[in-house]
Amino acid sequence: MHGARSVPAAPASAAPITRPLAGIGLLVLSLFTLSCLDGSGKWVMAAGVPLLVLSWVRYAVHLVLVLALMVPRRGWGVVRSVGPRDQILRGAAMLCATLMFFTTLRYLPQAQATAINFLAPLIVLASAPWVLREPPRLSRWVAAGVAFAGVLIVIRPGGGLPFIGVVSGLLTAFCFAAQYVLTRRVARDDPYTSLVWSGAVGTVALTLALPLTLPPALPVLRELDVWTWLALLSTGVSGALGHLLQIAAYRNAPASTLAPFTYLQIISATTVGWLMWGHFPDALTWLGIAVICTSGIAIGMIEWRRSRAAGRA
C-alpha cells in the first residue's frame, strides 16, 4: 500500500548495513512498484470492482506469494511471531490504511493522494511524547505544522477537490501513522514474519466479509476483460514485491540514509497518474508537495544529527 506508507516491516532486525547505493536503488524501485499498485487499484475501481473485493484480491495474492517465496527458504517458522497481538494490531492498521487510501484514489488524482500520505511520519513525530513516550521537541511540532500547511496548499479547501476524498486522505495518513508506531512494536520479529502477518490479517478479515461483498460484485467481475483481471491480480503481486524490495533496501542501507529518498514516491505517483489518467499537478500543487517534502527531509536531518550526537555522548 502503498504510497508513502513505505516503511520497512521491521528495520530493527535488518542485516548488517554494507551497500547504501544498493539500498537506495532498491528503495526507489519499491516506491515505483507500490505506485503501480495504487494506479492498478484506481484502474480496477474505475472498471466497477468494489473496494472490498479489490482489497481482498490485493491481500490474498500478497499472502499466497509471500508464503510461496518464504516457506521453502525458511520453513513455517517464518510465520511465528514474538508478539502476535501487536502483529494483529499492525495488520489491522495496515488494512484500514489500504481501505482509506483506495477510497482516496477513487476521488483524488494519485499525486495529490500520495502527497497527503507524507503527513503520516510527521504525525508520528509530533505525537511521540504521548504514543512513544519520547521527550517533546518543538522542531517536530514545527515540522508537522509546516507539512500540514503544505497539505492545505495541495488540497486547497474550496478549490474543487471532492470533500470525501480529502477526508479519506487525511484518515489514511493517520492510519499509516498508527501502522508506523506499531511497526516499532513488532521490530523483534523478522521482517518477513511481519510481511506474512500483514497479508494474513487483511486476508482473514476480508475473507470473513466475502459472503456479503462477493455476490453483488459477481455481475461486474463476469464482465471484466482480461486486462482488467490482470490489473486486479497485479495489485497483490506489486504489493508483495514492493514490500520485499523495501526489506531488501533496509538490509543494505540505514534508515537515515534512505529517509530522504522516500519522498521520490511523489515522482513515481505523478508519473503513473499521468500515464494512466493524464493527471498532472498544477504549479500550486507542486508548491504544496515541495513544502511537505522539505519539511519531512529537514526534520529527518535534524533527527539524524540528534541521534548521532546522542550516540557520541
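Computed from a predicted structure; not experimentally measured. All values below were derived from every heavy atom in this structure, side-chain atoms included, with hydrogens, water molecules and symmetry-related copies excluded.
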Q | Interatomic spacing from CZ in F261 to CD1 in I24 - rounded to 0.5 Å | A | 4.0 Å
Q: Step through the shown structure and confirm whether more than 12 heavy atoms of other residues, nucleotides or ligands are within 6.0 Å of CH2 on W286.
A: yes
Q. When you look at CZ of R80, are more than 12 heavy atoms from neighbouring residues, nucleotides or ligands closer to it than 6.0 Å?
A. no
Q. Within the distance-only criterion (no hydrogens, no angle test), does the side chain of R156 pair as donor or acceptor with the backbone N or O of I153 below 3.5 angstrom?
A. yes
(Q) Checking L245 against L31 for the side-chain contact (heavy atoms from CB on, under 4.5 Å) test, could you report, in this order, the C-alpha distance in whole Å, the side-chain angles of both residues, the deciding distance, and whether it holds? (A) CA-CA 9 Å; L245 288 168; L31 298 178; over 6 Å; no
Q: Before giving the answer on side-chain contact (heavy atoms from CB on, under 4.5 Å), spell out for T33 and H243 the whole-Å C-alpha distance, their side-chain angles and the decisive distance to 0.1 Å.
A: CA-CA 9 Å; T33 302; H243 287 97; over 6 Å; no
Q | Distance in Å, S127 OG paired with W141 CH2, rounded so as to fall on 0.5 Å steps | A | 10.5 Å
Q.
Can you tell me how far apart CG (N252) and CG (L258) are? Round to the nearest 0.5 Å.
A. 9.0 Å
Q: Apply side-chain contact (heavy atoms from CB on, under 4.5 Å) to the pair E134 and L125, showing each step before the final yes or no.
A: CA-CA 9 Å; E134 295 180 358; L125 287 177; 5.5 Å; no
Q: Please lay out, stage by stage, how R90 and D189 fare under the test salt bridge (charged side-chain N to carboxylate O under 4.0 Å, His left out).
A: CA-CA 13 Å; R90 180 180 179 274; D189 280 332; over 6 Å; no
Q) Within a strict 4.5 Å, meaning less than it, do heavy atoms of the L26 and Y250 side chains meet? A) no
Q | Test item: P281 and T270 side chains (from C-beta on) under 4.5 Å apart, heavy atoms | A | yes
Q: Mind listing the closest non-hydrogen atom pair of P219 and P216 along with its distance?
A: CD-O, 3.5 Å
Q) If we only count heavy atoms from C-beta on, is the L52 to L212 side-chain gap below 4.5 Å? A) no
Q) Would you say the side chain of F118 lies within less than 4.5 Å of the side chain of Q265, judging by non-hydrogen atoms? A) yes
Q) How close do G39 and Q110 get, heavy atom to heavy atom, and via which atoms? A) CA-OE1, 3.5 Å
Q: Tell me, yes or no, whether the heavy-atom count around F148 atom CZ, taken from other residues, nucleotides or ligands under 6.0 Å, exceeds 12.
A: no
Q | Minimum side-chain heavy-atom gap L195-H62 below 4.5 Å | A | yes
Q) Is it true that the side chains of D282 and T285 contain a donor and an acceptor less than 3.5 Å apart? A) yes
Q. Got a sec: does the CH2 of W76 have more than 12 other heavy atoms crowding it under 6.0 Å?
A. no
Q: Establish whether L171 and V154 are linked, either directly or via other cluster members, by ILVMFWY side-chain heavy-atom contacts under 4.5 Å.
A: no
(Q) With clusters defined by side-chain heavy atoms of hydrophobic residues (ILVMFWY) lying less than 4.5 Å apart, directly or transitively, does I299 cluster with I266? (A) no
Q: Find out if a path of hydrophobic residues (ILVMFWY) with successive side-chain heavy-atom gaps under 4.5 Å connects L65 to L95.
A: yes
(Q) Are more than 12 heavy atoms, taken from residues, nucleotides or ligands other than R306, located less than 6.0 Å from that residue's CZ atom? (A) yes
Q. Are V64 and V66 joined in one hydrophobic group, where the rule is that I, L, V, M, F, W and Y side chains link up if heavy atoms are under 4.5 Å apart?
A. no
**Q.** Flag, side chain of T203 to backbone of Y59, donor-acceptor distance under 3.5 Å
**A.** yes
**Q.** 4.5 Å side-chain heavy-atom contact, V201 and Q87
**A.** no
(Q) For V78, is there any backbone N or O sitting under 3.5 Å from a side-chain donor or acceptor partner on T193? (A) yes
Q | K42 side chain vs P109 backbone, donor-acceptor pair below 3.5 Å | A | no
Q: Kindly write out the residues that satisfy ring-ring contact (aromatic ring centres under 6.0 Å, His included) with W43, not counting sequence neighbours, or none if the list is empty.
A: W277
Q: Any chance you could measure N117, atom CG, to F176, atom CZ, to the nearest 0.5 Å?
A: 5.0 Å
(Q) Rounded to the nearest 0.5 Å, what separates atom CG in L105 from atom OG in S40? (A) 11.0 Å
Q) Is the closest side-chain heavy-atom distance between S198 and Q179 below 4.5 Å? A) no
**Q.** Min side-chain heavy-atom separation L119-I292 under 4.5 Å
**A.** no
Q) Quick one: do the S168 and T104 side chains pair a donor with an acceptor below 3.5 Å? A) yes
Q | Shortest non-hydrogen separation from S268 to S35 and the atoms involved | A | OG-OG, 2.7 Å
**Q.** Contact summary for F101 and A113, nearest pair of heavy atoms
**A.** CE1-O, 3.6 Å
Q: Could you go through the side-chain contact (heavy atoms from CB on, under 4.5 Å) check for T103 and L51 one step at a time?
A: CA-CA 8 Å; T103 301; L51 169 65; 3.5 Å; yes
Q.
Is it true that T228 and D225 share a donor-acceptor pair across their side chains at a distance under 3.5 Å?
A. yes
Q | Distance (rounded to the nearest 0.5 Å) between R58 CZ and L63 CG | A | 10.5 Å
**Q.** Exam field: side chain S295 to backbone V291, donor-acceptor pair closer than 3.5 Å
**A.** no
Q.
Looking at every heavy atom in both S30 and G242, which two are closest together, and how far apart are they?
A. CB-O, 3.3 Å
(Q) Quick check: is V237 connected to L233 through a chain of hydrophobic side chains (ILVMFWY, heavy atoms under 4.5 Å apart)? (A) yes
**Q.** For L99 against S55, the heavy-atom pair lying closest together
**A.** CD2-OG, 3.3 Å
